[in-house]
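Because the structure is a prediction, the values reported are computed rather than measured.
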Amino acid sequence: MDPVTWRLGDLTVNRIGFGAMRLPQQGTAFDPQARPRDRAQAIEVLRTAVELGVNHVDTAAFYFSATRSANELINSALSPYPDDLVITTKVGPSRTPQGEWLPLATPEQLRGQVEENLRQLGRDHLDVVNLRVSGLDDVSAHFEQLAGLRQEGLVRHLGLSNVRPHHLDQAQRIAPVVCVQNSYGLGHHPDQDDFLGVCGERGVAFVPFFALAGANKEAGTSAEDDEVTAIAAAHGATPAQVRLAWTLARGPHVLVIPGTGDPGHLRQNVQAGELVLTPEELTRLDALHLNGN
Ligand SMILES: NC(=O)c1ccc[n+]([C@@H]2O[C@H](COP(=O)([O-])OP(=O)(O)OC[C@H]3O[C@@H](n4cnc5c(N)ncnc54)[C@H](OP(=O)(O)O)[C@@H]3O)[C@@H](O)[C@H]2O)c1
């Protein structure tokens with residue numbers, strides 16, 4: 001069985017983490033009409049995640065709804081932070097206080113974004129910062145800025161998000177890269193398979209987002225595939241657990257960060273780490289994946 005942990009630089013994380021994007025609101029993230037989530041429920045989910053052994057939480061300063069901020073909820077729920085907790089945040093995108101998206105940060109603006117995360121999380125340094133790219137062919141100037149902030153001690157480790165292999169080459173020429181966070185899951189972006197392999201060969205964690213929601217960006221919006229449902233039934237598991245187990249089986253360097261505001265789903269997601277799919281089941285799911293179900 002694959003190990004349950006992976007190292008992000010000198011930090012060890014359990015391979016089943018938690019994504020905080022869903023916490024500030026009910027329903028779709030970034031929907032200006034979305035109802036802010038009940039505060040007590042969000043805090044309960046975060047504390048329960050840590051109690052269940054989650055020690056890798058993914059967040060961003062731009063994860064907020066009208067009256068809730070993912071970073072503030074994490075701070076309120078979890079600080080003083082457990083020593084082994086790794087909080088990964090991302091910079092590049094940003095939103096106005098009203099929630100409208102702004103253009104990608106310039107390299108010079110990244111310092112302010114790192115400092116914003118420090119203020120909101122109440123920390124003196126950030127464990128992992130991903131440069132989240134969109135529309136950039138060359139990440140070097142941005143990554144050099146982050147490498148400088150790492151040298152200053154504001155950031156411990158650096159990663160990339162929404163990138164292609166040549167971006168990883170560019171960044172690794174500047175500073176160590178501990179993780180790549182891209183959209184990927186069973187039947188979702190099989191074109192990422194090779195890149196996932198490259199990351200493994202280089203010892204870089206591959207951290208998919210939308211491993212459950214897939215292309216719909218929302219779980220439960222389309223009928224679950226029969227194959228996934230059948231395999232889940234054979235194990236007394238749920239389809240979401242099968243999706244997470246298949247994703248983890250892609251390699252020991254693959255970490256998942258399922259997002260949920262539902263304590264029951266959270267427990268299921270953590271338990272997915274105990275679900276071992278047979279070689280025959282993995283072959284069936286691999287075929288489904290390549291067909292882009
Ligand atoms: N780097 C990037 O550009 C980027 C982009 C998007 C997201 N992210 C990160 O990746 C994380 C994961 O993405 P995501 O939250 O959008 O998608 P996801 O984890 O693939 O799926 C979340 C959806 O699945 C549902 N769900 C979760 N656990 C479930 C379960 N056990 N059974 C059934 N449904 C379940 C959630 O609803 P319930 O709340 O009802 O459980 C929610 O609708 C985010 O939280 C964020 O931290 C990064």
Side-chain angles (χ1 to χ4, degrees), residues 2-20 49-50 53-61 71 74 78-92 107 110-111 113-118 120-133 139-140 142-182 184 195-209 247-248 250-257 273:
D2 283 332
V4 295
T5 61
W6 181 259
R7 288 180 78 79
L8 297 171
D10 62 344
L11 306 171
T12 300
V13 292
N14 292 322
R15 292 177 60 213
I16 299 186
F18 178 80
V50 169
V54 169
N55 64 356
H56 178 212
V57 174
D58 181 79
T59 186
N71 280 352
I74 290 169
L78 303 180
S79 70
Y81 297 109
D83 287 344
D84 69 340
L85 181 69
V86 174
I87 301 176
T88 297
T89 190
K90 56 192 81 65
V91 293
L110 293 176
R111 175 185 289 274
Q113 293 192 349
V114 163
E115 290 170 347
E116 180 182 34
N117 278 278
L118 289 169
Q120 293 175 350
L121 291 166
R123 304 202 88 168
D124 294 322
H125 73 268
L126 300 173
D127 298 322
V128 182
V129 172
N130 285 327
L131 174 64
R132 205 274 191 196
V133 176
V139 298
S140 302
H142 286 76
F143 209 73
E144 268 166 19
Q145 283 286 328
L146 291 182
L149 298 175
R150 178 172 170 267
Q151 288 290 339
E152 281 183 42
L154 295 182
V155 177
R156 201 138 150 195
H157 297 295
L158 298 175
L160 294 166
S161 178
N162 264 49
V163 287
R164 286 172 281 144
H166 74 279
H167 293 123
L168 178 60
D169 296 338
Q170 292 163 357
Q172 286 189 312
R173 282 196 280 273
I174 296 165
V177 176
V178 298
C179 55
V180 164
Q181 189 178 115
N182 276 5
Y184 180 75
F195 192 20
L196 183 152
V198 167
C199 288
E201 285 160 16
R202 298 189 190 182
V204 174
F206 189 86
V207 188
F209 61 86
T247 307
L248 290 170
R250 298 262 90 191
H253 65 298
V254 178
L255 315 177
V256 292
I257 47 167

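For the pair V155/L146, no side-chain contact is recorded, criterion being any heavy-atom separation below 4.5 Å from C-beta on. Looking at Y81 and I87, their side chains come closer than 4.5 Å, going by heavy atoms from C-beta outward. Side-chain atoms of N162 and F209, non-hydrogen and from C-beta on, do get closer than 4.5 Å to each other. The shortest distance between side-chain heavy atoms of Q181 and I257 falls below 4.5 Å. P82 places none of its side-chain heavy atoms less than 4.5 Å from the side chain of N55. With contacts defined as side-chain heavy-atom distances shorter than 4.5 Å, the pair L121/I74 qualifies. Two residues are said to be in side-chain contact when any heavy atoms from C-beta on lie closer than 4.5 Å; W6 and H56 fail this criterion. Counting heavy atoms from C-beta outward, V207 and C179 have side chains that approach closer than 4.5 Å.
In this structure A49 satisfies the side-chain contact (heavy atoms from CB on, under 4.5 Å) test together with V54, L266, sequence neighbours excluded. Every residue two or more places apart in sequence or in another chain that forms a side-chain contact (heavy atoms from CB on, under 4.5 Å) with V163 is listed here: V133, L160, H167, V180, N182, F195. Looking at residues two or more places apart in sequence or on another chain, you find a salt bridge (charged side-chain N to carboxylate O under 4.0 Å, His left out) between R123 and D127. Every residue two or more places apart in sequence or in another chain that forms a side-chain hydrogen bond (donor to acceptor under 3.5 Å, both in side chains) with N71 is listed here: T59, N117, Q120. For D124, the salt bridge (charged side-chain N to carboxylate O under 4.0 Å, His left out) test picks out no residue, with sequence neighbours left out. Taking E144 as the reference, I174 meet the side-chain contact (heavy atoms from CB on, under 4.5 Å) condition, with sequence neighbours excluded. For R156, the salt bridge (charged side-chain N to carboxylate O under 4.0 Å, His left out) partners two or more places apart in sequence, or in a different chain, are D10. Applying the side-chain hydrogen bond (donor to acceptor under 3.5 Å, both in side chains) criterion to T247, with sequence neighbours excluded, gives no partner residue. With sequence neighbours excluded, the residues that form a side-chain hydrogen bond (donor to acceptor under 3.5 Å, both in side chains) with D169 are R202. In terms of the side-chain hydrogen bond (donor to acceptor under 3.5 Å, both in side chains) criterion, T5 has no residue partners (sequence neighbours excluded). Qualifying ring pair (Phe, Tyr, Trp, His ring centres under 6.0 Å) partners for F143, counting only residues two or more places apart in sequence or in other chains: none. Residues meeting the side-chain contact (heavy atoms from CB on, under 4.5 Å) test with R111, sequence neighbours left out: E115, L149, E152, L154.
The heavy-atom pair separating A171 from V177 by the smallest distance is CB-CG2, 3.8 Å. Between N130 and S161, the shortest heavy-atom distance links the atoms CB-CB, 4.3 Å. What you find for G153 and H125 is that their closest heavy atoms are O-CB, 3.4 Å. The two residues L110 and G92 have their closest heavy-atom pair at CD2-N, 4.0 Å. Minimum heavy-atom separation, A60 to K90: CB-CG, 3.7 Å. Of all non-hydrogen atoms in V254 and P208, the two that sit nearest each other are CG1-CD, 3.9 Å.
Expressed to the nearest 0.5 Å, how far CZ of R132 lies from NE2 of H142 amounts to 13.0 Å.
R15 contributes a side-chain N or O that, together with a main-chain N or O of L248, makes up a donor-acceptor pair within less than 3.5 Å.
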